[in-house]
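Starting from 1, each residue takes its place in the sequence as its number.
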Amino acid sequence: MSKLTLDADLRRKLNGLNEPMEVCDETGQTVGHFLPAQVYDEMFYAALAAESPHSKEELRRRHRKPGGAPFPPFGKACDQHDI
């Protein structure tokens, strides 16, 4: 995913970016939508929780928990199972 860094002047012009915003080009055509991080996280975990037996809070906790398998052993396991 690409990353865009805003300076204070642009952030001010965009009304602080504290609410969802439609992003348009100079002709008025919609090119995308911006969601503040808090709104995005809430929507992401709500959608995930709808498909999971775990609560949004448990999914957040698991997402932030460090761990997992290092890539080389994972890659070898995939090779052994034709994944």
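- Applying the side-chain hydrogen bond (donor to acceptor under 3.5 Å, both in side chains) test to residues at least two apart or on different chains, the pairs with a partner in residues 43-52 are Y45-H63.
- With respect to the salt-bridge test (charged N to carboxylate O, under 4.0 angstrom), the residues D9 and K13 qualify.
- The shortest heavy-atom contact between S55 and A49 is C-CB, 4.4 Å.
- The minimum heavy-atom distance linking R60 with D41 is given by the pair NH2-O, 4.3 Å.
- Within a 6.0 Å radius of CE in M21, other residues, nucleotides and ligands contribute more than 12 heavy atoms.
- For residues 29-40, every residue pair satisfying the side-chain hydrogen bond (donor to acceptor under 3.5 Å, both in side chains) rule, not counting sequence neighbours, is listed here: E22-T30.
- Closest approach of L10 to D7, counting heavy atoms only: N-OD1, 2.7 Å.
- Here the CG-CZ distance, from L4 to F34, works out to 9.5 Å after rounding to the nearest 0.5 Å.
- Of all the heavy atoms in P36 and L17, the pair that sits closest is CG-O, 3.7 Å.
- Note that the CG atom of N18 and the CZ atom of R11 stand 8.0 Å from one another [nearest 0.5 Å].
- Heavy atoms only, all atoms of each residue included: C24 and G28 are closest at SG-O, 3.8 Å.
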